[in-house]
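The shown structure was predicted, so the numbers you read here are calculated from the model rather than taken from an experiment. Counting convention: from 1, in listed order, for ligands and their atoms alike.
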Amino acid sequence: MTEKSFAFFQGNIVPLEDANINIMNHSFMYGTAVFEGIRGYWNAEQEELYLFRLREHFERMADSAKIMYLTTKYSVDELCKITVDLVKKNAPRTDTYIRPAAYKTAHRVGPSLENNPSDICIFTVPFGDYFHGSPGLKVSVSNWRRVEDNAIPARAKIVGAYANTALAKTDALMAGFDDCIVLSENGHVSEGSAMNVFMVKNGKLITTPSTENILEGVTRSTILTMAEQEFGLKAISRQIDRSELYIADELFFCGTGAQIAPIIEVDKRPIGTGSIGPISNMVKDKYIQVCRGEIPEYHHWLTPVYARKDNSVATKR
Ligand SMILES: Cc1ncc(COP(=O)(O)O)c(C=O)c1O
């Protein structure tokens with residue numbers, strides 16, 4: 001990364017220190033912004049930074065924006081291009097995290113989303129592992145419930161909803177756990193604090209359905225897509241009971257930040273043998289290889305930052 005960091009703010013790439021929002025800003029006061037988290041993977045051998053599933057992240061941001069009456073003048077294609085231009089300007093030669101947000105810009109008191117203009121901002125930071133410490137996570141089932149679709153829709157990545165995440169994650173950490181699994185109001189498993197969850201049972205990959213108040217993760221969909229052809233495993237999404245977690249053969253979190261994070265204990269009960277299982281390890285290794293551009297078959301999910309000559313972006317297959 002060059003010494004000075006740049007951000008996309010109010011339509012321009014500007015020094016990060018100049019990308020500031022007024023304290024009367026609507027999204028700051030009411031959480032009325034939506035955001036994404038995107039990873040760039042540095043491939044040292046190829047001297048390339050690969051942005052993973054860039055388009056899918058901006059498509060999800062467009063869906064989140066729609067739910068929150070956020071309108072922007074940029075298309076998904078334009079946002080992909082702006083992101084690549086910004087990352088190029090920051091010129092990182094290391095793993096990188098990209099945080100775009102669409103936000104309400106009104107300076108006024110009152111929560112309404114109407115007659116309230118929107119804008120986009122993007123910043124990038126160097127980013128390594130999300131979880132530090134031992135590779136197998138010890139988690140709790142949170143006593144906080146996931147926000148319901150009819151309260152704050154979890155399928156939209158709404159800034160205000162992350163107060164729910166913050167409470168769940170903080171209490172898990174303060175109780176000595178690495179993270180937590182959150183249930184829906186109905187008592188079924190929803191997801192992790194900021195990641196989706198997969199259970200391995202009898203050689204099958206099972207994850208919670210999109211109707212269980214989850215953010216429909218790009219990583220979750222990546223694993224569902226790769227499951228059969230890459231891992232030779234049947235993958236399904238269905239409701240999961242809390243007690244099924246305790247007797248799973250393996251469990252792991254997945255998400256852009258968390259990547260693939262195996263879980264070895266839930267509520268003090270060992271999962272499987274109490275150490276990282278072979279399927280979790282296989283998924284984790286393959287996922288990172290795909291993200292880093294080591295498997296040509298999955299290059300359609302990658303946007304290379306430095307080799308781009310034609311401003312094209314990865315297209316979905
Ligand atoms: C609440 C929540 N669930 C799931 C995920 C995983 O989504 P993705 O794989 O798209 O990063 C995230 C991370 O963005 C999240 O914040």
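Between Y103 and F9, the angle of the ring planes stays under 30°, which puts this pair in the parallel group of the 30/60° scheme.
Classification of R146 and E185 as a salt-bridged pair fails, no side-chain N sitting under 4.0 Å from a carboxylate O.
Under the rule for a ring-ring contact (aromatic ring centres under 6.0 Å, His included), F58 has no partner lying at least two apart in sequence or in another chain. Residues forming a salt bridge (charged side-chain N to carboxylate O under 4.0 Å, His left out) with E216 (at least two apart in sequence, or on another chain): R155.
The ring pair (Phe, Tyr, Trp, His ring centres under 6.0 Å) contacts involving residues 257-284 comprise nothing, where partners must be two or more places apart or lie in separate chains.
Contacts of ligand 1 (protein heavy-atom distance under 4.0 Å) are H57, R60, R146, K157, Y162, E191, S193, A194, M195, N196, L215, G217, V218, T219, G255, T256.
With no hydrogens or angles considered, a side-chain donor-acceptor pair links S184 and E212 at under 3.5 Å.
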